[in-house]
Engineer: 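Encoded as structure tokens, here's the structure I'll be asking about.
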Amino acid sequence: KPFVPRHLTNIIGVDAGPGSAIVGASVDSVSGVLYIRAVRCGNMPPDELYNQIFAMGHQLHVRTIGIDVTDVEKVICEL
């Protein structure tokens, strides 16, 4: 497992609507700086979206995944 300083918290934010976006970032709790580490976007079917979220989470060793709930409900209803 790669070394991650304790003052950095890795997170993912997801907008799951049409033209989905997944953003991986690190938040520095000491300086308050937000570092964008990875971005994936495009029209993804739900199964690919979920796979991309978890692949990025594994890659960045995230502690938190935040998902825009309204759009996810719409995506799930399309299944």
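Position 1 is the first residue of the sequence, and the numbers go up from there. Heavy atoms only: backbone and side chains are in, while hydrogens, waters and symmetry mates are out.
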Engineer: Nearest 0.5 Å, please: how far is CD1 in Ile12 from CZ in Arg37?
Structural biologist: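 Arg37 atom CZ to Ile12 atom CD1 measures 10.0 Å (nearest 0.5 Å).
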Engineer: Please name the pair of heavy atoms, one in Leu49 and one in Ala16, separated by the smallest distance, quoted to 0.1 Å.
Structural biologist: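 Taking Leu49 first and Ala16 second, the nearest heavy atoms are CD2-CB, 3.5 Å.
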Engineer: Which atom names give the shortest non-hydrogen contact between Val30 and Asp28, and what distance separates them?
Structural biologist: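 Closest pair (atom of Val30, atom of Asp28, distance): N-OD1, 2.8 Å.
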Engineer: Who pairs with Asn51 by side-chain hydrogen bond (donor to acceptor under 3.5 Å, both in side chains), at least two apart in sequence or on another chain?
Structural biologist: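 For Asn51 there are no side-chain hydrogen bond (donor to acceptor under 3.5 Å, both in side chains) partners, ignoring immediate neighbours.
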Engineer: Other than Val39, what residues sit in its cluster of Ile, Leu, Val, Met, Phe, Trp and Tyr side chains whose heavy atoms are under 4.5 Å apart, directly or through others?
Structural biologist: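 Members alongside Val39: Ile11, Val23, Val27, Leu34, Ile36.
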Engineer: For the pair Asn10 (side chain) and Leu60 (backbone), establish whether a donor and an acceptor sit closer than 3.5 Å, ignoring hydrogens and angles.
Structural biologist: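 Between the backbone of Leu60 and the side chain of Asn10 there is a qualifying donor-acceptor contact (under 3.5 Å).
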Engineer: Can you give me the closest heavy-atom contact between Ser26 and Leu8, atom names plus distance?
Structural biologist: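 Residues Ser26 and Leu8, closest heavy atoms: CB-CD2, 4.4 Å.
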Engineer: Nearest 0.5 Å please: distance from the CG atom of Asp15 over to the CG atom of Asp68.
Structural biologist: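 So the CG of Asp15 and the CG of Asp68 are separated by 5.0 Å.
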Engineer: With rounding to the nearest 0.5 angstrom, report the OG to CZ distance, Ser20 to Arg40.
Structural biologist: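 Interatomic distance, Ser20 OG to Arg40 CZ, rounded to 0.5 Å: 13.0 Å.
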Engineer: Please give me the minimum heavy-atom distance between Met56 and Gly24, naming the atom from each residue.
Structural biologist: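 Between these two residues, the closest heavy atoms are SD-N, 3.5 Å.
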Engineer: How long is the span from the OH atom in Tyr50 to the CD1 atom in Ile22, to the nearest 0.5 Å?
Structural biologist: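 With rounding to 0.5 Å, OH (Tyr50) is 11.0 Å from CD1 (Ile22).
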